[in-house]
Amino acid sequence: MKPTRLLIASVAALCLMASCKSGYEQLLSGNNVEAKYKAAFEYFNQGKYRKSADLFESMLVLTSGTPQDDTVQFYWALSNYRDKDYITAEANFKSFLDKFPGSPFAENAEFLRVDCLYKATNRWELDQTPTYAALVAINEYQMKYPGSVNSAVCARMGEDLDHRLDKKAFENAYLYYKMEKYRAARVALTNVLKDDADNIYREEILFYTAMSSYKYAENSVRNKQKERYMQFVDDYFNFVGEYPESSRCKELEHLYKKAKEKI
């Protein structure tokens, strides 16, 4: 192709792109509800969720109080969800549910809000405030829709979040043990099971409770050792009573024999 023709073709292509862009922007800023509505669903079905979200949002005022109202608000939220903007989508779904609790989209909106909250949770090492918020939403959904097709998914979410909280509670208490603060470790580990007897790390907690007792007694002044070794003996029997087949029993049994010699 000659340079002049190539230049003309390039300019024409740029003009076409500019006109397409300006056409979308004009549609976005305009008041033609029918055109907006049609285009929003076209973008949504094409997977262009950012554009569909912006178009649905631009219709909120225009369709307020009309038969399209709940559809526009739901698909605005769904577009943000599909675009993986979970923070915005969760707020959208909450607003939708507050305004349209009886909508045919309500159950789906409530589940997707739960999923947004779940996706916004942190690893166990970080702040677990979002985890508690997600668990509340999961429980509310399960109570409201006990026979839902999403029940199994919600149960898996809840189990994952419960396990995350269990791990954080155990690791926070175990940190005292690693720091060799054995008295504090035993108190912290015992408190974990007082708060949640079904913690999935129960075996580890009972083991390190006994280990903390032994090391605390071992490092105590002589006139305090007998009393503290007796505490270890109690903790030892608590552990072997619950977990007689545990691989950790051998280590504790060795310490138990040593403790008996010192009592």
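At least one side-chain heavy atom of S103 sits less than 4.5 Å from a side-chain heavy atom of F96. Annotation: side chain of E204 is in contact with side chain of R248 (closest heavy-atom distance under 4.5 Å). Put simply, the side chain of N92 does not reach to within 4.5 Å of the side chain of Q73, judged on heavy atoms. Here the side chains of E57 and N80 are not in contact, with every heavy-atom distance at 4.5 Å or above. Contact annotation: the side chain of F105 never approaches that of L112 to less than 4.5 Å [non-hydrogen atoms, C-beta and beyond]. Between E110 and Y145 the shortest side-chain heavy-atom distance falls below 4.5 Å. Counting only heavy atoms from C-beta outward, the side chains of K99 and S64 approach each other to under 4.5 Å. L55 places a side-chain heavy atom less than 4.5 Å from the side chain of L28.
Classification of D98 and K94 as a salt-bridged pair holds, one side-chain N sitting under 4.0 Å from a carboxylate O. Ion pairing between K119 and D115 holds under the 4.0 Å rule for side-chain N and carboxylate O.
Looking at R164, its side chain does come within 3.5 Å of a backbone N or O of N122 through a donor-acceptor pair. Panel note: side chain Q128, backbone R123; a donor-acceptor pair is recorded below 3.5 Å. Using modelled atom types, one side-chain atom of R202 and one backbone atom of A197 make a donor-acceptor pair closer than 3.5 Å. A donor-acceptor contact shorter than 3.5 Å is absent between the side chain of Y216 and the backbone of R186. Judged by distance alone, the side chain of K36 and the main-chain N or O of L27 form a donor-acceptor pair under 3.5 Å. Judged by distance alone, with hydrogens and angles left aside, the side-chain atoms of D83 form no donor-acceptor pair with the main-chain N or O of D85 at under 3.5 Å. When atom types are taken as modelled, the side chain of T209 and the backbone of I205 share a donor-acceptor pair closer than 3.5 angstrom. Proximity of a side-chain donor or acceptor of S151 to a complementary backbone N or O of S148 within less than 3.5 Å is detected. Within the 3.5 Å criterion, the main-chain N or O of Y49 finds a donor-acceptor partner in the side chain of S52. Remark: the backbone N or O of W124 is paired with a side-chain donor or acceptor of K168 at under 3.5 angstrom.
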As a quick check of understanding, evaluate side-chain hydrogen bond (donor to acceptor under 3.5 Å, both in side chains) for D54 and Y43, giving each step before the final call.
CA-CA 10 Å; D54 289 343; Y43 283 123; over 6 Å; no
Start with the C-alpha gap between Q68 and V33, add the side-chain angles, then the distance that decides, and say whether side chain to side chain contact (heavy atoms under 4.5 Å, CB included) holds.
CA-CA 10 Å; Q68 295 172 312; V33 175; 3.8 Å; yes
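Put simply, CG on L78 and CH2 on W76 are 13.0 Å apart, with the number rounded to the nearest 0.5 Å. One finds the CG atom of D69 at 3.5 Å from the CZ atom of F100 (value rounded to the nearest 0.5 Å). Taken to the nearest 0.5 Å, the CG atom of D166 stands 3.5 Å off from the CG atom of N199. Here the CZ-OH distance, from F56 to Y37, works out to 7.0 Å after rounding to the nearest 0.5 Å. A distance of 3.5 Å separates CE of M211 from OH of Y177, quoted to the nearest 0.5 Å. Rounding to the nearest 0.5 Å places NE2 of H163 at 12.0 Å from NZ of K167.
Ring geometry for F111 against Y141 counts as tilted: the plane angle lies between 30° and 60°, on a 0 to 90° scale. Ring planes of Y174 and Y208: tilted class, angle from 30 to 60°.
Linking ILVMFWY residues whenever their side-chain heavy atoms come closer than 4.5 Å, directly or via other members, leaves L189 and L165 in distinct clusters.
Just one residue in the list L117, I138, L135 forms a side-chain contact (heavy atoms from CB on, under 4.5 Å) with M157, and that residue is I138.
Ring to ring, Y214 and Y236 are not that close: their centroids are 6.0 angstrom or more apart.
Y229 does not carry K262 over the face of its six-membered ring by the limits of under 6.0 Å from the centre and within 45° of the normal.
Residue L60 places its CG atom among more than 12 non-hydrogen atoms of other residues, nucleotides or ligands, all under 6.0 Å distant.
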